[in-house]
Structures are given as C-alpha cells and as structure tokens.
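Written out below as structure tokens is the structure these notes cover.
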Protein chains: 2
Amino acid sequence: MPTSKDVAQAAGVAQSTVSYVLSGKRPISEKTRKKVEDAIQQLTYQPNAGARALASRKTRVIGLVIPFIPELHMASIMEFVSVIANTARIYDHDILLVTEDEGAPGLKRVVGQQICDGLILMQVEGDDERLPVVRSLNVPVVLIGIPHDPSGLVCIDADFEMAGEQCVQDLAAAGHSVISVIGWQPEVVERHVNYVERFMSGTDKAAQDSGVRVLHLPGGTDRDVIAASVDKALAETTGVPAFIAPDGTVQDVLRRVLNSRGLTPGVDVSVIGSASPTLAELQPIPLSTIDLRPAEVSRRAVKIICDLLEAENQGPRESLELVPTVITHRSSTLRPPHGS
Amino acid sequence: MPTSKDVAQAAGVAQSTVSYVLSGKRPISEKTRKKVEDAIQQLTYQPNAGARALASRKTRVIGLVIPFIPELHMASIMEFVSVIANTARIYDHDILLVTEDEGAPGLKRVVGQQICDGLILMQVEGDDERLPVVRSLNVPVVLIGIPHDPSGLVCIDADFEMAGEQCVQDLAAAGHSVISVIGWQPEVVERHVNYVERFMSGTDKAAQDSGVRVLHLPGGTDRDVIAASVDKALAETTGVPAFIAPDGTVQDVLRRVLNSRGLTPGVDVSVIGSASPTLAELQPIPLSTIDLRPAEVSRRAVKIICDLLEAENQGPRESLELVPTVITHRSSTLRPPHGS
DNA sequence: ACGCATCGTCGATACGCATCGATAAATCGA
DNA sequence: TCGATTTATCGATGCGTATCGACGATGCGT
C-alpha cells in the first residue's frame, strides 16, 4: 500500500504538502496540486484510516447500536440501519455496528477504544439502563426514541402523539364514534413504554376534541389475544367499528381476525395500520396507514450527530426533535360522509 | 484518555512492558503483571484502536456488505446482520457496515483505507459485478452465496440443492404425485440466479428419484401471479396438491390464495414454506418449513474469515461450504400414509 | 566459583498522517 | 530599489501502540 510519503516522492514534494492538498487546510499552488493529484491517481493512494485517526483524533466512524428483538418489526429496523448507513456516507462517515447484546459496557468499549467518534442508539427505552453511561460519555450520542427523562440528552423520534391524534381525528371525521386501538405486544409495552404512552396520549387528546370514544386493547401476535380484543371492541361499538393497529406485526393477525368475523375493511369496518407505502399497497385491501417516517428519522439522526461532531465545542448538548407523521388514505378506511 | 504510557508510569514500568502484559507475547513476572493490571484498572485504560491498527497493521474490524432490496425478506437479512455482529465479537472483532449502494468502489475504499481487515459479502449474485474487485483485493473476503464461477473465492451458503431435495422427497413420501414450486420474485430470480437454480436442481433430482412430477411456477408478492400459479398447479394435479414456497415473502400471499380456493393446508393441500421456527408456529396453521439456517451460515462465515485473518499466510484461498438445511413437519403438510 | 543459558524488563524505533513553526519565494507599496 | 507582507512549501514533531534488540539478573551445571 502506498503512503503519503510515496505520493510526495512521486510528486517531488514534501509529505506535508500532500497532506495539505488532501485537507485543503493551507493554500496550494495549482501547479503542485496537479502534480500531487496525478501522483495520487497513479499510485491509487488512499490514506490510512488508522494513522489518520491517530494524528487527527477523529475516526470518522459512528457507532450504531442496533436492537434485535424478535418481537420487533425487523424489516423496519433494517430500514433504519440502511438509511443511517447511507446517510452517514454522505457526511463522509462510516457506521460501526454495536449489538444491543453488548449493553452499556459495549458503549464504553467502542468509545473508550476510540473506534468511533459518536453513537446513535436505536430503540431507546423509557427508562433505558444505558442512559447513565450515555450521559457520562464524552462523545456525541443521538438517541432514537425519547426516554422518560431526556435531560442532557439529544433525542429524535417520530411524533407518536401526533400520529395518535391523526388516526383518531381521521376516523372520527369518517363518522366513527368508537375507535379501538389494538396496541403493541406486551413485551414492547413493558420495554418501550414511552412511545406507546405518547401514541395513546395523542389518541385520547383527539378523542376529547372530537367527542369520540377510544378503547385501548391488548395487541401482540397471539391470535387469541387479538381475537379477544376485536370481540371486545365489537361489543362496545355502536355503528361502524374502527381499528388502529400502530404496530406493524399486529396487522396481519388483525386482518385475519376481522376476516373470520365477516368484516371487510373499507366496507363495514375501518382499519389504519402502520406500514411502508409499498407494503401497504400490497395488501389484499390497500391499507390506510400512519407513516412513522423511519427514513426521515434516520436521516435526521445522522445529520444531528454529524453536526455535533463538526461543532465539537464540547459542552453537553440537549435537544429533542419530533418528526411529523403522515396519514395516508387507502381502501381500508371508510370515506368521510361529505368533504374531506 | 489515559495511554499505555500513563499506565506504565503508574505501574513504574516501561511502556513496552504494558504492551507485553496486554499481548502476552513475552513472559512477564507475576509481580509486574499485577502492578500493570492494577494500574490499568485504576486508570480505566483502554488501548487506542487507531494507534493499535497503525502499529500492528490490523484493525480487528470486518466489513459487512449488506443489501437493501425491498423485494428481499428484510427480517431475515436482519438476522444475518445481527448474528454476524455478535459472532464477530466472540472473535474480538467489530463489524463495519458497507452498503450495497457503494458498490465495488465501496469495497476498494474500506480495504484501501484499511478501515477493515476483511470483508463479508451478503446476497452474492450468480454473476456479481463485484467479483472482479473481490478477486483483486488483497484481503480475505467471504461470500454468502455461490456465484457461477467460484474459483479463487471463499463461499458459504445454505445447501439449496439439499433443501429442494428434502422438500420434494418429503412431499413424495406423503403421497403427493405432483408437486408445485412457487418460486421467487422475478427480480430475485434475475439477480440471484444461483440459489434459485440450485434449489430447482434439487427438486428435479428428487423428483426423478421419487418418480413424482415437479412444476416450477412463478412467485412474487403479486397476488394475481400467485393465483395464476396456483390455478395452473391445481389444473395439472391429480390427487392432493402440494406446494413449496421457498421464498419467505411468497408465503402470505400463497396462504390467502389457497384459502380463497377453499383449500386448507394439512387437510386437502400440503404446503412447505421457509420461515424461522417462531414465525412458522405463529401461522394460523403451523407451517411445515425448510430451514435455510441463516444463523448457522452467518456464524460460519464469521468463523471462516476470522480463521483466514489469523492464518494470514497470504496465498489466495478457495473454498466452498454448504450448510445442511433442515426440514420440519408442522401442520401444513399431509402426514405420510404409513411410517415416516 | 565461573561461564552460560534463560528470564524479565527496558529503550528505541517504526507505523502513516496532521499540524505547527520556519523559510524561501513572490508580491506590493513607496 | 528595498523592506514589509503575503503566499507556497518544507522539515520536524507528535499521536499511541507493537516490536525488536539489548541488557541486567537469575539460576544452572560442573
């Protein structure tokens, strides 16, 4: 592997000149710049990351802490990961995977060894055990998810409260007077209390404003649980029933249960789920969805941390950013009686 | 951040001694070892990865090239990623994410900058455009997937041929005389020809041996396509129909189509799909599955590359490893008339 | 008691780059 | 035309670790 010294020799300049050509931190004459750039080309020189990190004290690597919980919707996690990796490249950074299995010590490790300059944590829980460590770390950390106490932390997430409001407002406008929320799996509810709570607070707020009733019923992937929830909802509903299934894993089961009860979404029942547009279109009856904007959340998370890395004026930051959600009508919900 | 020099000072030894305590490459007396280890503890010293990489010419990082194709089963990709990351930690390595978007230049970049010591490529296509680059790279690369020409490459994958054989043998033993394979999505077939071919070669081989007929029909997520395939299969079948859906994304659609045709898996039709055991059990009718062992493939891929990194006796390796698949009976297939 | 091998430790150096101070060359004003 | 600036480049140094050669101390056999 050629080094910057080799390049310097080939171009007939000093090694430091090569470095300045690359970084642009000092003026270089057009003539020598060209000589250097040609030499770089011919030698296919690429700077050594280790040496660069050692000298500059910057690795240009961001650690991404990923969850792997079977209860979660893995496809959506993957979308986060993918978008985060691609966005990082735009800012000329790379992504190092840190598994949740490593827990808090894992964070200390990658930061302590200076393998990366900062961290993005996915799937942050309301009372996440890693928060004390995060606060003690002297590098920028961005949390995807809002913990109960976000003080001293930099957080970003979809606006779940807005999502809840949108769903209920929408269904209320379509004429439903009782709206049932088939919630997340118990495991998720216990762990990630925060976004569940935010969603519910949104639905309840909208319910008050619109004068409709919202039922919160247990979700999950267990067909029996969903079936019980559906039956309870049907029993309590006057008029056309409406369901909100904010968890991607719940939808399939819900669809089947409704089917077995002889109910057709968009005809004699309304259903709003959460899924990507492409997935929503693939359903037998295209699903009206509440889009939680995973790609946008990912992009912003990367932007935030890269800005922090650039700024670097140390002081412990604190910020909280909520990404607006988007509701999209497809065929699984009733159309409002008149107007939008 | 404390350095090994600080540790040395605190322990009253030379920096090199600290290094030898850590690496164990020279004998150290029990006494000084303890002094050094205590100092490390008290300073919470962690070696600097950049300096280490620079001096040792090893980063202890493996690049993982991940695909992100909506047509693919993202949940299963995520399982690969997760298991690979965790296994790498066992070998004291970390995983750097490289997106498929970066293409071949991306591989050159991470290897050229010496950000990582080796690569794992997922979802390798039969005629992958990256193969020339891979061959030219002077670092170990492990491919998950078998390209058409695997010469000079290190490959590992599930044994799709075995999987095909197992499915057909199994269904033949259960008394089916015509077996329909609802294949992958056209996009996948075009791209990843190899494993599709291998699977089919397995089914055909078993068909010959067992004297049954195998139909290869188009798959995908398009309900109409699947419906057409099913109807064609039903028309061509005498006796109880049997379906094999080796692509995870096809199953849901297939299930619905069969349902709409009044067919119940395990009663008047047999279905073998590919899904994780947990997912298979969650189906309304527990799905008999062919397990393509993603976790085992991942583990072995990491082991292979770590072995190569350790060996390091340069010479271009070549190997091909196939992981045996496992077929599991659940309720979606007919039981064989007598005995297993 | 003496030389010799072994063990444990030290000091020096290299890894490849970024960066700082210094210097030579070019530019300008008067 | 000469000194004062500015511009472009060089040389030297440090980043933190791994590793090699050297060296003193210890134990051994005879």
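Letters go in sequence order (proteins before strands), and every chain restarts at 1.
- Counting any heavy atom pair closer than 4.0 Å across all strands shown, Thr32(A) reaches sugar-phosphate atoms only and no base atom.
- Look at NZ on Lys25(A): it is 8 Å from P on dA18(C), rounded to the nearest Å.
- When the P atom of dC10(D) is taken as reference, atom CD of Gln9(A) falls 13 Å away, rounded to whole Å.
- Using a 4.5 Å heavy-atom threshold, the side chains of Ile40(B) and Leu22(B) count as touching.
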Would you tabulate the pairs of protein nitrogen or oxygen atoms and nucleotide nitrogen or oxygen atoms of nucleotides 13-15 of chain C closer than 3.5 angstrom?
{"unit_1": "dC15(C)", "atom_1": "O3'", "unit_2": "Arg57(B)", "atom_2": "NH2", "d": "3.1"}

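- Residue whose closest nucleotide on DNA chain C sits further toward the 5' end, between Ile28(B) and Val18(A): Ile28(B).
- In this structure, the NZ atom of Lys58(A) is 19 Å from the P atom of dC17(C), given to the nearest Å.
- Looking at Arg293(A), its side chain does come within 3.5 Å of a backbone N or O of Pro324(A) through a donor-acceptor pair.
- A donor-acceptor pair under 3.5 Å is absent between the side-chain atoms of Asp159(A) and the main chain of Leu322(A), judged by distance alone.
- Taking the side chain of Pro27(A) as heavy atoms from C-beta on, and the options dA8(D), dA22(C), dC17(C), the nearest nucleotide is dA8(D).
- No more than 12 heavy atoms of other residues, nucleotides or ligands sit less than 6.0 Å from atom CD of Gln9(B).
- Residues Val139(B) and Gln114(B) fail the side-chain proximity criterion, which asks for heavy atoms closer than 4.5 Å.
- Summarising the geometry, the separation between CD on Gln114(B) and P on dG16(C) is reported as 8 Å, rounded to the nearest angstrom.
- One cannot find a donor-acceptor pair under 3.5 Å joining the base of dG16(C) and the side-chain atoms of Ser4(A).
- Across the protein-nucleic acid pair, Glu30(A) atom CD and dA26(C) atom P stand 17 Å apart, rounded to whole Å.
- Remark on the helix from dA1(C)-dT30(D) to dA30(C)-dT1(D): inter-end axis angle 40°, axes from five-pair C1' superpositions, rounded to 10°.
- Taking atom CG of residue Asp6(B) and atom C1' of nucleotide dT17(D), one finds them 13 Å apart after rounding to whole Å.
- Side chain Ser29(B) to base dG8(C): no donor-acceptor pair is found below 3.5 Å.
- Atoms CZ (Arg52(A)) and P (dA18(C)) sit 5 Å apart, rounded to a whole Å.
- Whole-Å rounding puts the Leu22(A) CG to dA18(C) P distance at 7 Å.
- The backbone N or O of Lys35(B) lies less than 3.5 Å from no partner atom in the side chain of Asp38(B), so there is not a single donor-acceptor pair.
- Judged as a side chain to side chain contact (heavy atoms under 4.5 Å, CB included), and not counting sequence neighbours, the contacts of Gln46(A) are Arg109(B), Gln113(B).
- In this structure, Asp94(A) contributes its side chain and Val61(A) its backbone to no donor-acceptor pair below 3.5 Å.
- Using modelled atom types, no side-chain atom of Ser82(A) and backbone atom of Glu79(A) make a donor-acceptor pair closer than 3.5 Å.
- Counting only distance, with no hydrogens or angles, the side chain of Asp117(B) and the backbone of Lys58(B) share no donor-acceptor pair below 3.5 Å.
- Residue order along DNA chain D, read from the 5' end via each residue's closest nucleotide, puts Asn48(B) first among Asn48(B) and Tyr20(B).
- With hydrogens and angles left out, the side chain of Arg26(B) and the base of dT9(C) share a donor-acceptor pair within 3.5 Å.
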